[in-house]
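Whatever order the structure lists them in is the order used to number ligands and atoms, beginning at 1. Just so it is clear, the model here is predicted, and its values are computed rather than measured.
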Amino acid sequence: MAAPGKVAAFRLPPLPTVGEIIKLFRLKAQKQLSQNFLLDLRLTDKIVRHAGDLKNAYVCEVGPGPGGITRSILSAGVEQLLLIEKDTRFIPGLQLLSEAAPGKVRILHGDILTYKMEKAFPKHLKKNWEDEPPDIHIIGNLPFSVSTPLIIKWLDNVSRKDGPFIYGRTQMTLTFQKEVAERLTANPGGKQRSRLSIMSQHLCTVENCFVIPGEAFVPKPEVDVAVVHFTPLVQPKIEQPFELVEKVVQSVFQFRRKYCFRGIETLFPESGRLKRTEQLMMTANVDPTLRPIQLSMSQFRNLCNTYRKMCDEDPGLFVYNYREELKQKKTRKLLKSTEETEEEN
Ligand code: SAM
């Protein structure tokens with residue numbers, strides 16, 4: 001059995017422990033930045049094992065912080081490791097790790113939300129989309145406020161085959177608040193079934209790997225954390241542009257406790273709303289009295305395909321915004337009542 005932090009052939013030379021690095025460089029976690037560190041190398045090894053076989057792989061770790069997961073990635077025998085860290089305080093500690101693994105580590109001080117992944121790895125690693133995933137992995141334990149917008153951005157990238165997916169079906173192993181992980185992986189009928197379930201599962205195989213109790217982090221976060229693994233699908237389950245799928249799914253879930261037609265109605269302007277909602281639901285063969293959480297992936301696919309046809313026939317339809325219409329209606333009402341009051345005076 002490999003010792004913690006040494007899951008594979010590569011052996012890091014003696015180094016200060018992650019705890020010692022935190023003390024040495026005075027890396028007090030900043031609560032307002034949701035910095036919660038993992039110091040237990042058995043847990044960081046477990047996260048890395050769930051990423052798959054990393055021997056000779058190219059890995060990007062997002063938000064390495066004091067470097068617990070970084071050590072496990074290096075110990076797995078990777079060929080190259082790119083570290084992207086926003087907080088400069090962590091760079092000297094990461095440099096220590098880099099020196100212990102000569103030629104393997106690149107450290108980039110930057111923001112993963114704006115970093116262009118297209119040039120992060122050598123071109124020869126590119127695989128065709130239909131082939132096995134490339135030997136490239138993204139791994140990260142990021143603040144929750146970053147991991148959710150980031151996965152939405154990366155799912156958009158999956159649908160366009162750009163960003164990190166210019167290399168093929170790059171796999172991701174990321175942590176989320178436990179409840180978000182449950183949403184990402186929820187099945188039809190499940191309590192946590194939501195917009196995130198459809199947006200992730202129509203593009204990727206999504207696996208909720210395991211839960212890390214809050215106590216395992218320093219400092220302890222308010223919630224438990226789960227590790228989620230994503231592998232982009234060769235064939236998306238809904239073959240429509242990301243924005244269109246997002247619009248339909250968001251509309252359906254906007255009234256999650258009501259019948260699904262209530263949300264679907266909001267795809268259409270007030271004039272002709274009822275007729276067009278009926279037309280969409282009948283053509284898509286979806287029972288209007290199902291609740292949003294009960295809809296299957298194929299029902300979402302039918303709704304998206306039919307809505308797409310309706311948008312092609314009426315080019316103004318896709319830009320229609322229900323909330324904007326409500327806002328304008330309110331403003332008009334307010335103006336009218338002000339005019340009436342003025343007339344009375
Ligand atoms: N991975 C380390 C661990 O597990 O102990 C640190 C985890 S801590 C929750 C999140 C890390 O992500 C911090 O080091 C923080 O500075 C970094 N971070 C936060 N936002 C980031 C961003 N937008 N881009 C890159 N790194 C970010």
Side-chain angles (χ1 to χ4, degrees), residues 4-5 15-51 59-76 78 81-98 105-117 120 137-154 157 163-164 172-178 180-181 209-228:
L15 273 167
T17 63
V18 184
E20 282 162 355
I21 287 206
I22 290 173
K23 280 197 195 122
L24 188 66
F25 296 105
R26 301 205 178 127
L27 303 176
K28 196 169 178 310
Q30 299 203 342
K31 229 181 169 174
Q32 71 275 26
L33 297 181
S34 306
Q35 288 179 336
N36 309 98
F37 305 141
L38 270 176
L39 310 187
D40 181 344
L41 293 186
R42 280 167 308 189
L43 270 176
T44 58
D45 281 354
K46 192 170 173 188
I47 296 176
V48 169
R49 276 200 302 274
H50 277 274
V59 177
C60 171
E61 188 194 354
V62 289
I69 299 176
T70 320
R71 287 174 191 233
S72 296
I73 297 172
L74 284 170
S75 298
V78 298
L81 173 57
L82 168 63
L83 302 174
I84 302 177
E85 173 55 61
K86 194 175 174 186
D87 186 339
T88 43
R89 296 177 309 138
F90 294 112
I91 306 295
L94 295 172
Q95 267 156 358
L96 266 188
L97 283 181
S98 167
V105 183
R106 273 187 297 151
I107 304 170
L108 210 138
H109 172 225
D111 185 335
I112 188 59
L113 287 168
T114 51
Y115 177 68
K116 299 253 175 291
M117 282 284 229
H137 297 258
I138 299 173
I139 302 178
N141 170 32
L142 282 164
F144 305 135
S145 58
V146 178
S147 53
T148 307
L150 189 62
I151 193 62
I152 297 284
K153 175 175 143 74
W154 279 342
N157 288 143
M172 302 173 274
T173 310
L174 303 167
T175 58
F176 294 90
Q177 187 177 333
K178 182 170 163 257
V180 174
C209 303
F210 66 99
V211 173
I212 310 178
E215 295 77 47
F217 293 84
V218 181
K220 176 183 173 303
E222 306 281 302
V223 289
D224 289 340
V225 173
V227 177
V228 183

Are any of the N/O atoms in [X] less than 3.5 Å from those in ligand 1?
X      : result
Leu113 : no
Pro66  : no
Phe37  : no

Under a 4.0 angstrom heavy-atom cut-off, which atoms of ligand 1 come close to [X]?
X     : answer
Asp87 : 16 (O)
Asn36 : 7 (C), 8 (S), 9 (C)
Gln35 : 13 (C), 15 (C), 16 (O)
Ile84 : 25 (C), 26 (N)
Ile69 : 4 (O)

dist Asn141:CG -> Phe217:CZ (nearest 0.5 Å) comes out at 5.0 Å
Worksheet item: Hey, what's the ring geometry for Phe210 with His50, parallel, tilted or perpendicular (30° and 60° as the breaks)?
Response: tilted
Give a yes/no verdict on whether any heavy atom in [X] is under 4.0 Å from an atom of ligand 1.
X      : answer
Gly68  : no
Asp111 : yes
Gly110 : yes

Heavy-atom proximity to atom 19 (C) of ligand 1, picking from Pro149, Gly67, Pro143, points to Pro143
